[in-house]
Every structure is written in structure tokens, then in C-alpha cells.
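Notes follow the structure.
Source: prediction; values computed, not measured.
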Amino acid sequence: MPMILNDEQNMLKDSAKDFCTNNAPIAQLRKLRDEDNADGFDRDTWKQMVELGWAGIPWKEDFGGLDFGYKGLGVVTEETGRTLTASPLYATVWVGGTAINVGGTDEQKSSLLPEVAGGSLLLALALEEGPRHNPYGIETKAEAKGGDFVINGKKTFVLDGNVADKLIVVARTSGKPGDRNGLTLFLVDRTAKGVEVTRTKMADSRNAANISLSGVTVSKDDVLGDVDKGADVLDATLDVARIGLAAELLGSAQEAYERTIEYLKERVQFGVPIGSFQGLKHRAADMFCEVELCKSVVLDALSALDEGRSAEDIAKAASLAKAKVGETFTLVSREAVQMHGGIGMTDEFDIGFFMKRAAVAEQTFGDLIFHRNRYGELEGY
Amino acid sequence: MPMILNDEQNMLKDSAKDFCTNNAPIAQLRKLRDEDNADGFDRDTWKQMVELGWAGIPWKEDFGGLDFGYKGLGVVTEETGRTLTASPLYATVWVGGTAINVGGTDEQKSSLLPEVAGGSLLLALALEEGPRHNPYGIETKAEAKGGDFVINGKKTFVLDGNVADKLIVVARTSGKPGDRNGLTLFLVDRTAKGVEVTRTKMADSRNAANISLSGVTVSKDDVLGDVDKGADVLDATLDVARIGLAAELLGSAQEAYERTIEYLKERVQFGVPIGSFQGLKHRAADMFCEVELCKSVVLDALSALDEGRSAEDIAKAASLAKAKVGETFTLVSREAVQMHGGIGMTDEFDIGFFMKRAAVAEQTFGDLIFHRNRYGELEGY
Amino acid sequence: MSDAVADFRADVEDWISEALPSALQGREMGPAGNGPKRTDSDSQKWFDACYERGFTVPNWPRAYGGAELDKARHQVLREVFRAHGAPQPLGGMGVTMIGPTLLEHGNDEQKERHLPKIANGEIRWCQGYSEPSAGSDLASLRTKAEDKGDFYLVNGQKIWTSGAQYADWIFCLVRTNPDVPKHDGISFLLFSMHDPGVSVKPIVLINGTSPFCEVFFTDVKVPKRDLVGQENKGWTVAKRLLQHERSSLSGLGGGPRADEQGSLVDVARQYLGVDEQGRVADPSLRRELIDHQIRSRAFALTQRRSHEENQAGDVPTFATSIFKYYSSETRKRRYELQLRMMGTQGVGWEGDSFSDDELALTRTWLRSKSGTIAGGSTEVQLNIIAKRVLGLPD
Amino acid sequence: MSDAVADFRADVEDWISEALPSALQGREMGPAGNGPKRTDSDSQKWFDACYERGFTVPNWPRAYGGAELDKARHQVLREVFRAHGAPQPLGGMGVTMIGPTLLEHGNDEQKERHLPKIANGEIRWCQGYSEPSAGSDLASLRTKAEDKGDFYLVNGQKIWTSGAQYADWIFCLVRTNPDVPKHDGISFLLFSMHDPGVSVKPIVLINGTSPFCEVFFTDVKVPKRDLVGQENKGWTVAKRLLQHERSSLSGLGGGPRADEQGSLVDVARQYLGVDEQGRVADPSLRRELIDHQIRSRAFALTQRRSHEENQAGDVPTFATSIFKYYSSETRKRRYELQLRMMGTQGVGWEGDSFSDDELALTRTWLRSKSGTIAGGSTEVQLNIIAKRVLGLPD
């Protein structure tokens, strides 16, 4: 029964809900933003998340994990989405950790995943080079030089790039931009010589950075996966990352939606709650359906990972989930502002944070256009 | 002031409204359909339209016309759209007559346009060869043979092809399907040897036919416009035809819309008129806006013709009008059925005729996709 | 799965391999599931085999012709049927609507008299709910039933009565008390369509077919033993029955029909062609095709989730309320899209210039419009979701 | 055109060639049209030249600083301004809202005292309408004004007061009778924002700017001579003023701003690239771009039609009612589309990694959301159309 949670998953979800509500509510993100916090997340909160085991949920016990599956990680992440919690959970666990888990040698996994699970190693995937998601359009070059590689290039929209200890840099070792072949993934210390990181402040107040790599030298032991075959690791990682993001955004969409429904019940105009107006009712009911569909596509996608379905089936589920949830969250967060009226336009009120988050998340690892097209191609039309 | 009607145009519109309401209501189309009338239109009604001068509105007085402009013809056609009147007005005047007016020699115009104006000559443009509008995708061949041409090919969706006295056949004299160059227009008697006409019954109960041409011989005097340069005449004709159709559909959309608004006021459910439900109100008000926009694009397009704007400007106005009005009529006619509820699903009630008409008209001389793309290309993006 | 259920599965597997005529695999029954006799012998054979095992109404008591299957076994049966491409042996409003309603609300005499004839396909039923001025506002119905001692005297008119021209009996909402709030004066009656005073007039729809009728009642005498539930409490029975209807209309558990899903892609390829990469050639319609497929797939997953939740917990699920709305809107959009893909070949009405499939599309497109009107319109469904699920105020 | 009007055109043409500093052509006035003094000398020079001719308020009486232009001459003036790229010399709620309202509803003393200071830009006005619990339902406002003989004592709170932090005076709706239906107890007062008891708190919006304020009134004394219209009849005045506001918000007559229109295509080309045929490379966003351009063009033609109908007949046109709704929704969509075209560069907040245009887009996108909320929300506009234009019942 892949479409429902088991008891353990339900317990995990409930405890995550409690934790996020109490320890990492939207007020925390607001504070980080208003204080211009250099980390962009709260290190104490992260420490507590790690203590709850969240950073090790998907890894095997051999690698310091709980072996609790992506569905477990998904329900936790959904709750962090409800509170728009900024933490390394996404970039480090969903993305970076997955890349190591998928592409790493046993040695790499043994040395790095326990550090991830222990919260001491933060990761970031340095992939994008332009304003639109384009995983094979890599121009950053890595040239072999003796047993080493020298990397030159520029990366943009690197999530947590400003705080990560290690970057996973996607570089081209052969071929030309657009080729799937010829990509290689490198583990690069953020503080390595030639690495220059500029934090980019985004509308959602979450961490991202531009990264310039000038003559950065790494050894062949820092290659993740095989040289020129990095796309195998990258594609698998990206699909996990998309599913994880969909899980997070599902939480955000539900929260924005539920807050709006509550507001419709409370706000009185013309002597009645505005939720009694049929014009708003019908829009609310239609959104309810879309949110229900989102729950289903996310559950199916998480199950696909844990069941070990084929790469193609996972890819379909990932594109379906990112497309559907992204579209719905965009709709719901905009309607949330509209239905809240004037108060929704104020910074003092939280609902606007959801709309900003939706806009940035829509651009993360492929927007609706990208995933619609990909879903069609995967389905063969 | 191109966006408003002058007194003469208003009078013409009012008289057309009276005429259509009294002499050619939807009941007439229903009767033609139910009796399986072989002509697909009422010859007496057509005679009366001709007596009112409608078949000569746009032609110069030298050619038997009223020289009253396409705006005059447009307001009349809008009224025929309200009553879904089936008549040769569209295929013969808007399309066929325009082709002769645009591409004909003085001799052709002098001999044919007075016959059009007098109602004795019915015309049809034999253009399409596949299920989608594709004006340059012509495979029908016309080969020169002595001073004559021999035509071979198959045409489909020829409006009034079953009743026209003369067909204007678009054939290829050089080049290959898809080329703009190499097309030539021929005037061909419907009863000529080698012409075989099969009426195709469409959902809107209006006339269309498939036409097969097998070794049809025509003389060079039957060429309309220049050999190989037929696209010049064709393009100009099609833009007029699109604008005329937009004018007709504007009338249909308004009528379907107004009938629906009336129904919302009359139909009582839950003890109140259903028009008091905000869910329906908001949809109705939004449609009102779209219909108002349609009025504007049609007036502008008709003005473009009468003002003699550049071919490119006319083309933009034509694609804008067909795209916008087609989309709106489709929306309005579907909402009309939905808002009428069960009664709207019955054949006995007229509203379903509008939805059927919208579906067929959407395919006539380019659908929304065709004209959206064309508008973008004309605007240079 | 328990051993007993596994045994049941094995048993049914054995049986179906014998009983199902191979010609019926993956097909529907000839004449659409009403009436006891089939026009073809394979269908008749299959019906008889199912009836013998109680499988025309698998979860009904044996006493009424069923097999008394519990939930788990019923699910096994469905899975086996599906795996073998076996058609449902019996459909219609007897099995899907009035039968389940009588099981809950009928008295023993009514159950004994009516249910066996539903199970064996002898009696076909129709539904007397809607009236000309009572559509979405069903409870405002006016057909009146006067108490005449032993019987009610029924006068009035119904509309949108599906299959009334073929039906033997009707379950019918009537007003037995006009002087109370509208929901409180309604009763639920059963009577024969062959009774004196009942007349039927088919309604021609915009697609040319007549699946519905108007039904007129003039001094129809209905014995009181065919009152279901209490007098003036018929609305409760009616609402329960509507739930059966909605879960039936939404194709609950079935998902979008496979033939409908697959073919839209085929239609796109056929009428629009494909590019070098095998993609549907028109980018605009391809986009709409994918959007539709995404929508359909997400909906099918939601049906599966609802089903699993149902299986797991028996709690009434959140999601059933959206099914009627979402499936009918999706189906409507699907045909709009197909129509546009097919160009002028999608809007033919009759004649040799169109293929049978093309002509069928035009009719199905028009018919699909009723999906968002009949059985609780889209607007009514949205109201229900807003009220019952979201708790928005009236 | 009559000879007299033609003479007027020639005269204005001569004047503008002299008076308009070339540096101002095609630009807006420095600081956005409030206050008498300009920060740059060109703007000040242009303002002075206009004011001298009465062109800051061209259709107002000369006695109040206007030029008393009739409709035809006013139109000529607009055309000449447009042809020369001349900026409006004066904007703000004085010219667009309270001025026209006082001309209709003010007494002579009020007109003489207030209008000249609007015309010369001395006094800036703000609008005290909305309250925390009176948004779309404006008439439920609670700010109360008690009759104290010579003056009213005003207590309460306003919200969404545009530019209150810069305003000198406020036109303000207050409740003078709480015991009658809500529309019947409202009065329309004018008073100084510098009066004791008035305090202002800017509201930070989601885009980081503060164009609106909360305004608090504690025992503010307003002399009775600044009551506009009759006591308790303020709603009539307020509604009339809202019409001025809506025609101003919808950019009536102006059409979508040229800079907004052109640049969307440029943005598409810049961020998405073009194919060999010069088309925007992404087919999906290109489709949405064209849809937007079609929508904008059709709307601009409708504004032109409305304008021509107005010119021709003086009848209130059908179409003005749609402008606020349609223009704000269209503008909102436009920014959504632009955002998506620009990818991650469209969602930057600050810093050197984004161009000034990119950062401005993020803010403008967020701000555009208020267009469908403020000044009568989309929902209110649709209600108005349904009721007033379509005549649908309440």
C-alpha cells in the first residue's frame, strides 16, 4: 500500500510537525531575514534536527543512517515546508547526501555519509550556470593535469553554496554544452583555493550563492562517480531532489491553503464571513482538489524511490510531482494573497512568504515547462 | 472614429437584426437540418437578402455593388451570426466575391461581381486538403497543357461546395507543398467534367463538401490573379474571410451570452434565481469583459479593411480577431450549455446549436493555435 | 492476505478459467447490462455462470442472490475479474443504486420481493428524482402522492429519467406533505413503470441520442407496502442513494478507462504527426496533451490512494467528494482537446467522409457535456466540498 | 474640428514648443507629482509654465486656477501633450479625486479655499476610506465623528491610506450616525493631517516598500465648514469620488503603458533567446507571451472604443466598468509571465548578482498583486458588473 503511511511514518510526521511548529516557525525565517543572518539558517535548530536523526533518515545503518527511506524523509520535509523552515536538510541531505549515496565509492560513503548524518558536513550541488534549469548545459571545464583536475567556470543559484563545507561541482571533462556525456562530478572544499562564493539574496530569503571557480585543483579521489559519466549520478540525484522539493512544497501549499480557509471563515465583510461567498467557495473547493492530487503524486514518487522502481519510472514520478505540486503551490499561494486582501499584501503578515517561496521553488531544478516537457518525452510523446 | 458605427451602419444593423429575427431565426436552420434540405439554406431567404442589397455591400457601384464597405457587411453578418442563419452570404460574398474583387481582372470583376450582387452566382473557395487549415500546403496540381490547365487533386471542407455555381480552386502550378510560391487560383464550374462533389454533414448543420478534381480542364481565362502568384490573392482573401467570420461569430457569441444571462435571471433553484449565485455571477461578469473585447477587435479589423491599412496590419487585425472571437465564442457557448443545465443538453432547446457552431467555426480558416502563432510571427516574435 | 482469502482467490481463479468465454475477454457485455436475456450466447453463458455463484451482486446476502463476500474477498474478486478482462455480468440502477439502498433502508418484505429480481437481472430499474423545476435543487420537487388509505395517488412529472423507456420499475421521490420545509415532506416510493397512468417520452439530446426520458404520472396508484423508509422521511433515503450514484458515476476504483487514456495519445500522433524525436508535432497541442495526461495520472493516483485508505481504515475518505467533480471536468476537457486535435475531421456529423471513430467522437464530445451537469452539477459538487469538507459557512 | 478648436491647437502647439524643456520629453516629472516644488529645475519650469496657463487642471474654472477647457479642447491638449512626450505637470489625489468631487459637491467657500491650492500644487491630499474591518465592505466603517456644536470630534483608524506620510490634508469618511443602516450614517469630512490627534504609521508591504499607512485619529477636532455635502449623506459623495478613482486606476484613455508593453517582448528575447526565424525560442512561454499581447491589444482597442463612444455620445459607456478588473488582472499576469521568463534572475531580492531591472521586477511583481485587491478588489468589480451591467439579482 504505497499510498498511505505506516505507523512509524505517521509518528515521524507528527513529531516533525511538533518540532517545526515549536522550534522553527515562520517567525524564525523572518528573524533570519530581518537580522540579515550570515548563515541564512539557525545552527541550533539544525543541531536539534540532527539529534532527531533527520540528517540520516535515508542512509543505511552502515553509513550512520536510520535506513528509514525517502518516504520517512519526505514526511519530515513536508512539515518543514509548512513552516518554511530554512535548514541544510534540503541541500545537504536530499541533494548532496543523495549524490554521495548514489555515486560515491564505499570509501566515500563511509567517510562522508556519517558526517552528513551527524550534521557536521554541509553540502551543496553546484550545477546551474544560467537563469533556467539546464542540467547538461554545462560549460564549466575540468581538465586533467597529472593525477589532478583543474576546474574553471561559474555556477549560479547554488543552494546553500554560502554555507556548505563541500561543493559537488558538475563540470565538463569532455563533449560540449548540451551533451549528456562528458560530465563529471567533483567534491570541492568551499574554502579551496580559487573558489569564490557570493551569496545571492533571493525573494524567499533562503540561501543561494553564485560560485566562481578559477583554477581550482582537485585530486582524482575527489571525483564522485565515473569520469565523463557524471550524468548518471546527476540524473538520479536530481530526481530525488525534485521529489524532495515536491514533498516540501506540498507542505507549504497545504499550509498556505489551510491558513486561507481559516481566514475565509474569520474575516467578516458585508456582515458575513467572506467564506460564505460562492465565488470564493468554488475557487477554494477547486484548490482543495488540486491539493489532494498533490498529496497523491508526492506519495507515489516517494514510494517509487523506496520501492526501487526503474530509473525511468522514478523520473516520470519526479517530473509529475514537481510539475503538479509546483503549479498548485503557485496557484494556492497567489490565491492566498488575493483572498487575504490587503492584509495579505503586508510584510507583517506571514502569507506573503509562501508566495515568494513558490516563485523561487518553481525555478529550482526545473519549472513547470521543463517538467511538463520531460514527462511527455519520458512517456514517449 | 473607426471604433463606432455611423448612422447608416447603425440603420443597416438594425434592419438586419429585424430581418434575421423574423425571416431567418434558428428555427430555420433547425428545419433545414431536420428536413435534410439538399441546399442547406433557404433560397427564398437568400433572395430577400439579395434584395436588401447584402450581396453587393462591399463592391464598387461599377460592379453592381453598394460600395458600403466591409464594416457595413460586417454589421449585417454579425446579425446573421445571432440567428445562426445559413446562407451563401459567407462563402459567396465574404470569401468568393472578395477573391474576385481582389484578384480578378476588370473583365472578371465586371462579369462576375454583378452576378454575385444579384444573387445568381454562388461561389466556394476550394482550399483545404487536410483536417487542419494549411493555406500553402497544397498538393492539388494544375498542369499547363496548351493554353489550358488540367487540375487533379482532392479538396475538403469546402464551404458551400455543394451549392456553389463556381469553385475557386487553389492549385499548385509549381513548387512543392508548403511553398508560398507556385500557387494559382482557378475559377471552375462545379458541374465541369471531372469535378465530383460530396456534401459533408458537419455538426453545425452548415454546408461543406469534399471535392475531387480528376483531369478537370480550364482555360487560362479562368485563372484568378497571376499564375504562381495565387498566394497574393489568397492571403488577402483569407484575411477578409477571417474578419468576416469573426464578425459573424461575434454575433453568435453575444446571442449565446445574452440568452444565458436571461436564463440566469429566470431559472429558479433553491428558491432564488440561479443568477443570484456569486459563482455564476463572477463567471458571467468575466465573460462580459471578453465579449466586450471581441466587439473591439472586430470593429478594428473591419475598419482596417475599409481604411485600406497595409496588408501586414490587416493580417494582424485578422488574426487577432479570429483568435480572440473564436476563443471567446468557444468559452461562451460551453458556459451557456453548462449554465443552462439539463435543458441545455436537449436538442429541443436552441442553445446547443451555438456550441456546435463554435466547434466547426473554430476550424474554419485557422484555429486559435494557427492565429496565435501567426500573430506572434507578424509582430516579430 | 489470510489463508482463507488466498484459498478464495485460488478457487475463483479456477472457476473463471472455466466460466469466462474467451470471446468476452476484454469486452463489455452485449446490451449494456440491463435485462435478463443477452442477445449473444457468450454473454448469456457468462451471466448464468456468475449468477450461479452469486457474483452478479457479490457482496449481497445469499438469500437475495448474492455471494455474501466480505470486503477482502470482494476486492479479490474484482482483481481476478480485472486480470482476466472479465466484463461485469450485470449493471444498471438495480445493482448500483436501489439494491444497496433497499439493503440499508428496505423492510424484509421489500428486500425479499425486489432484491432477487435485481440479482437475476429480471427487473430493470430507473430513477425518478429530477423534475423540470427541481434540478440541482432536487428537494424542491413537486410530484405529489396523496394518501388514499391503502395506496398513494401519484401525479406529476419527472425528467432526465435515464433508461425509463426500458425500465420495469422506478424508485421515485414524491411529495407527501407540501406544508412543511421542503426536505421534510418527501417520501421514497417504488412502483411499476407498467402501471396505468405512467407514460414515457424520450428526450433527444444535442448529440442525437435519447438516453433520458420525461416520465408523466397521472393518477398512478402505488400500494403502501412499496413506501421505503417512513413517510416524509424519504430525503434521508434519497441522499444515501445519491452517494451510491456518485461513487458509481465517478468510476470509483476503476480510474479513467484504459481505452480512453491510451487513445488520446494515439489520436494526437495520428492527426498531428510526430517530429524527429517522436514528440507530437504541434507544440501547443502537445503541451495540452501532456497537461491532460498529468492531470489524469494525478487523479488516478488519488483514486488509488483513496482506495488504499479505504482498505486500511474504513474511515470515510476525504477524497471521494472530489471524484465526481474532477472526473467529469477532466473527461469534458479530454474531449475538447481531442476535438481540437482532429480539426475538421472532429466535427463531422454523419456520412462517409468521416470514419466511424470520428463520428463517434463528435457525439461523445457533446455527450461529455452532461457529465458536469447530471448527477449533481459541478457547481453543486463544489458547494458540497466547500460546505462538508472545508466547513465554509452558508 | 471647428476653426476655434483648430486655433486652440495651433496656439497650444506654439506654446508647448517654447515651454517644454527638451530634457523632460518622454519622461515623468521628478518626485511623483505631489507637492509644489520640484527637485529639478526643468520640472519646476514646466510646472510653472503649465500652471500659468491653467494647464495643471485644464478643465477647471479659471477662478480656481484652471483653464476652463471644454471637452474638445481638453482632448486637443491631451493629444498635443502626448505628441510632444510632455509629462503631466501635476498628479495626486488632489487633481484626480477630491478636486473633481469638490467641484460637484463642495460649497463655494470650500471650493475657493481648497481648489486653488490643489491647482498650484501647494496642498497634497490623501484618502481616508478603508478601515481594518471595512475593506471591500467600505460602508461598514467605524471611525466616528461626534457633533460637538461648532466641530466634529473624530476618533478611529484608517488603513491603506496612500501617501499619508506625505499628505497635508485628508478627505475622510466618518460615521455620524451609528443607529441607521450603514450607508445612511456616513459623512464626508476634510481636515488637516497636521491637526492635533492625527498620527501616521507606514505599512511595510511584501515588496519592502511603504506606499500606504495606517492613520489614527484621537479626538481630532474638525470644524463643520469642512463637511462636504450634508451630514449623513457622505456615501453619495464617496461613491462619486470612487468613480473618479477607478477611472484613474484603470489608466482610462491611456492604455497599457508603452514601456510595459514593449519590454515584455524584449525580456522574452533576452532571457529565452530566439530561433532561426526570430521567434522566441521557448514555445510554451512564447505562446503565453502572444496570449498576453493579444489580450493587451484587445484591451487597448476596447479603451479606444470606449473613448470614442464617450466623445461621440456623452452616454456613460458599457465598457468603463470592466477597466479596473481587466487592467489589474492583465497587469498581474504580465508580471507573473515576466517572472517565469527570467528564471532565477527574476526572483532576486538584492545584491550585485542581479541587475537593477531584475531587482525592480521582483518588487514590481509583488506590488502588482495589490492591483486586484486595492481600489475595489477583482471580486467586488465582478459583483458590480454582474449587478449594474448585467442586472443579475442579488
Heavy-atom donor-acceptor pair, A:E348 side chain to D:V204 backbone, under 3.5 Å: no
Below 4.5 Å from any heavy atom of chain A, which atoms of D:D282 appear? Answer side chain, backbone, both or neither. side chain
Are side-chain heavy atoms of D:W160 and A:T346 found at a separation under 4.5 Å? yes
Answer with side chain, backbone, both or neither: which region of D:F212 has an atom nearer than 4.5 Å to a non-hydrogen atom of chain A? neither
Can you tell me which portion of A:F157 sits under 4.5 Å from chain D's heavy atoms? Options are side chain, backbone, both or neither. side chain
At a heavy-atom separation under 4.5 Å, does D:L205 approach chain A through its side chain, its backbone, both, or neither? both
pair A:Q338-D:K332: side-chain heavy atoms closer than 4.5 Å: yes
D:R142 atom CZ, over 12 foreign heavy atoms within 6.0 Å: no
Is chain A contacted by the side chain of D:I159, its backbone, both, or neither, given a heavy-atom distance below 4.5 Å? neither
Is the shortest side-chain heavy-atom distance between D:S133 and A:V268 below 4.5 Å? no
Heavy-atom side-chain contact between A:I369 and D:L285 under 4.5 Å: yes
Between A:D347 (side chain) and D:I206 (backbone), is there a donor-acceptor pair under 3.5 Å? no
Run the side chain to side chain contact (heavy atoms under 4.5 Å, CB included) check on D:L366 and A:M355 step by step: do they pass? CA-CA 9 Å; D:L366 288 165; A:M355 191 169 67; 3.6 Å; yes
So, do A:L280 and D:E379 sit near enough that their side-chain heavy atoms are less than 4.5 Å apart? yes
Out of A:M202, A:K356, A:R33, which one pairs with D:W349 under the side chain to side chain contact (heavy atoms under 4.5 Å, CB included) rule? A:K356
For A:K265, look at atom NZ and say whether over 12 heavy atoms of other residues, nucleotides or ligands are found less than 6.0 Å away. yes
Below 4.5 Å, heavy atoms only, C-beta onward: do A:H133 and D:T344 meet side chain to side chain? no
Under 4.5 Å, counting heavy-atom pairs only, tell me which of D:P283, D:A134, D:G208, D:G346 racks up the most with chain A. D:A134
D:S284 side chain near A:R372 side chain, heavy-atom distance below 4.5 Å: yes
One option among D:A139, D:S210, D:S370, D:S140 has the most heavy-atom pairs under 4.5 Å with chain A, and it is D:S370
Engaged part of D:P132 at the chain A interface, taking heavy atoms whose separation is under 4.5 Å: backbone
Counting neighbours of CG on A:D34 that are heavy atoms of other residues, nucleotides or ligands and sit closer than 6.0 Å, is the number greater than 12? yes
Relative to chain A, which segment of D:T362 carries a heavy atom at a distance below 4.5 Å: side chain, backbone, both, or neither? side chain
Is a donor on one side and an acceptor on the other found under 3.5 Å between the side chain of D:Q345 and the backbone of A:P131? no
Side chain of A:R132, backbone of D:M341: donor and acceptor closer than 3.5 Å? yes
From the list D:T372, D:T378, D:L382, the residue making the most non-hydrogen contacts under 4.5 Å with chain A is D:T372
